[in-house]
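Here is the structure we will look at.
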Number of protein chains: 2
Amino acid sequence: MTDAKASPAPRMTKQRAAILDVLDGTDEFRSAQAWHDLLRHDGSSVGLATVYRSLQALAETGEVDAIVTSSGETLYRRCGAVNEHHHHLRCRVCGTADDIEVPEFEEWAARIASERGFARMDHTVEITGVCADCTAKGH
Amino acid sequence: MTDAKASPAPRMTKQRAAILDVLDGTDEFRSAQAWHDLLRHDGSSVGLATVYRSLQALAETGEVDAIVTSSGETLYRRCGAVNEHHHHLRCRVCGTADDIEVPEFEEWAARIASERGFARMDHTVEITGVCADCTAKGH
DNA sequence: TCACTTTTGACAATGATTATCACTGAGAAT
DNA sequence: ATTCTCAGTGATAATCATTGTCAAAAGTGA
């Protein structure tokens with residue numbers, strides 16, 4: 001039989017290289033458009049559509065993380081190297097955010113992973129609510 | 001300065017009543033447009049913008065739940081009654097997803113909420129990895 | 001009923017993301 | 001190194017959910 005023909009053969013173009021480059025510059029979540037702006041400022045003239053396509057492709061292979069905000073925007077950030085793993089508790093009204101850590105959750109995630117035979121686990125936890133101040137103000 | 005003007009005073013109009021009515025008909029998550037269609041089929045001629053505005057208002061007061069799908073669409077459902085809350089474990093390579101439940105996490109989230117004085121908590125948990133099959137295939 | 005405001009609805013406007021499509025260049029074959 | 005090919009690119013049009021606009025219609029208290 002012919003070969004399985006697994007990988008769609010990704011090519012290394014200068015624009016893809018540029019994208020991977022800026023991605024490595026920060027580990028913050030940013031929108032495709034934000035990354036595009038950043039690329040422009042860095043002198044690269046990558047097209048917006050290309051940024052969208054590349055981020056999507058990278059997200060599918062797991063090389064970048066993607067999350068969708070409550071306003072429907074998709075944010076991306078480079079994957080891995082994120083040892084400083086923590087989550088945020090954000091107030092939906094005033095927007096303040098606290099860092100929180102959940103060792104129990106990390107352990108739980110790891111357990112589920114091994115139970116089901118999953119590897120290279122990653123997770124995103126978004127926790128929102130209305131803080132005490134805003135609740136007091138009637139929100 | 002002038003008055004504090006706290007509550008904007010919500011009015012009970014027939015369209016709002018119709019919306020609350022269909023909302024009570026199902027406890028599934030549906031998009032604003034889907035609810036609108038449903039209303040139309042029920043004979044009500046509520047405007048789309050009105051449906052959006054009402055659902056938004058209801059979501060703010062906590063009377064309905066709102067979630068954002070990975071494609072950026074916002075889904076709503078009547079609040080309460082339903083605590084069939086679960087998350088997904090998704091393979092980044094083949095895309096298969098399993099439902100998983102994390103009572104511990106729910107408890108933990110609730111605890112954090114009360115500790116910090118937060119109210120009306122909500123959370124999103126995205127767990128991804130590479131499943132056993134895909135790992136075996138070298139991914 | 002009357003005045004006063006909120007709510008509504010039709011439709012234009014946004015804004016993020018995707019589709020188009022001619023063109024370019026990466027990588028394989030020669 | 002030179003061709004050959006098709007995946008990748010970019011400018012822009014198209015899509016689609018959602019929001020803004022504003023005159024007309026309908027609650028609510030007096």
Side-chain angles (χ1 to χ4, degrees), chain A residues 2-3 5-23 29-61 63-77 92, chain B residues 2-23 29-61 63-77:
Chain A
T2 63
D3 57 310
K5 188 281 174 137
S7 46
R11 284 182 191 174
M12 182 49 61
T13 63
K14 57 186 68 169
Q15 24 280 89
R16 176 158 304 208
I19 290 171
L20 289 170
D21 200 51
V22 284
L23 239 13
F29 274 110
R30 278 183 162 65
S31 70
Q33 314 218 30
W35 286 118
H36 179 244
D37 285 348
L38 208 53
L39 281 162
R40 285 304 181 77
H41 288 163
D42 285 9
S44 181
S45 61
V46 189
L48 179 58
T50 298
V51 175
Y52 271 102
R53 280 184 296 237
S54 301
L55 288 173
Q56 247 168 224
L58 290 167
E60 273 177 26
T61 63
E63 291 171 76
V64 301
D65 287 335
I67 59 171
V68 180
T69 70
S70 58
S71 67
E73 229 184 351
T74 304
L75 306 181
Y76 303 88
R77 84 169 168 197
R92 279 195 294 268
Chain B
T2 60
D3 58 307
K5 194 233 283 201
S7 47
R11 282 182 193 176
M12 181 50 61
T13 63
K14 57 185 66 171
Q15 23 281 87
R16 175 160 303 207
I19 291 171
L20 290 170
D21 200 50
V22 283
L23 239 13
F29 272 111
R30 278 184 161 67
S31 69
Q33 314 219 30
W35 286 119
H36 179 244
D37 285 348
L38 208 54
L39 281 162
R40 284 303 180 78
H41 287 162
D42 284 10
S44 182
S45 61
V46 189
L48 179 59
T50 299
V51 174
Y52 270 103
R53 280 184 295 236
S54 301
L55 288 173
Q56 242 169 229
L58 289 168
E60 273 179 25
T61 63
E63 291 172 75
V64 301
D65 287 335
I67 59 172
V68 181
T69 70
S70 59
S71 67
E73 227 184 353
T74 303
L75 306 181
Y76 303 88
R77 82 169 170 196

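In this structure, CG of B/Leu55 is placed 15 Å from P of C/dT7, rounded to the nearest angstrom. Rounded to a whole Å, the CD atom of B/Glu73 is 15 Å from the C1' atom of C/dT18. Following rounding to the nearest Å, A/Arg16 (CZ) and C/dT24 (P) show an atom-to-atom distance of 20 Å. Residue B/Trp35 contributes atom CH2, which lies 18 Å from atom C1' of D/dT18 at whole-angstrom precision. Straight-line distance from the CG atom of A/Leu48 to the P atom of C/dT17: 9 Å, rounded to whole Å. Straight-line distance from the CG atom of B/Leu20 to the P atom of C/dT7: 13 Å, rounded to whole Å. Here the C1' atom of nucleotide D/dC16 and the CG atom of B/Asp37 are 14 Å apart, to the nearest Å. Rounded to an integer number of Å, the gap from A/Lys14 NZ to D/dT9 P is 11 Å.
Without hydrogens or angle criteria, B/His36 side chain to B/Val46 main chain gives a donor-acceptor distance under 3.5 Å. Proximity of a side-chain donor or acceptor of A/Ser54 to a complementary backbone N or O of A/Thr50 within less than 3.5 Å is detected. A donor-acceptor pair under 3.5 Å is formed between the side chain of A/Trp35 and the backbone N or O of A/Arg30.
Listed nucleotides D/dA17, D/dA11, D/dC6 differ in distance to B/Gln33; the shortest reach to its side chain belongs to D/dA17. The side chain of A/Thr13 lies closest to D/dG8 when the candidates are D/dG8, C/dT8, D/dG27. Checked against D/dG10, D/dT18, C/dC11, the side chain of B/Ala49 finds its nearest nucleotide in C/dC11. The side chain of B/Gln15 approaches C/dG9 more closely than any other nucleotide in the set D/dG10, C/dT17, C/dG9. The nucleotide whose nearest atom lies closest to any side-chain atom of B/Arg11 is, among C/dT5, D/dT9, C/dA26, C/dT5. Here the nucleotide nearest the side chain of B/Ser54, chosen from C/dG9, D/dT18, C/dT8, is C/dT8.
Between B/Ser31 and A/Arg40, the residue anchored nearer the 5' end of DNA chain D, judged by the nucleotide with its closest heavy atom, is A/Arg40.
The residue B/Ser45 sits close only to the backbone: its heavy atoms come under 4.0 Å of sugar-phosphate atoms, none of a base. Backbone-only engagement by A/Thr74 is indicated by non-hydrogen atom pairs under 4.0 Å involving sugar-phosphate atoms exclusively.
The shortest side-chain heavy-atom distance between B/Leu23 and B/Leu55 falls under the 4.5 Å cut-off.
Judged by distance alone, with hydrogens and angles left aside, B/Arg53 brings a side-chain donor or acceptor within reach of the base of C/dG9, the pair sitting under 3.5 Å.
Between A/Tyr52 and the phosphate of C/dT17, there is a side-chain N or O to OP1/OP2 separation shorter than 4.0 Å. Taking side-chain N and O atoms only, A/Gln56 has a distance below 4.0 Å to OP1 or OP2 of C/dT18.
Here B/Ser45 pairs with nothing under the side-chain contact (heavy atoms from CB on, under 4.5 Å) rule; sequence neighbours left out.
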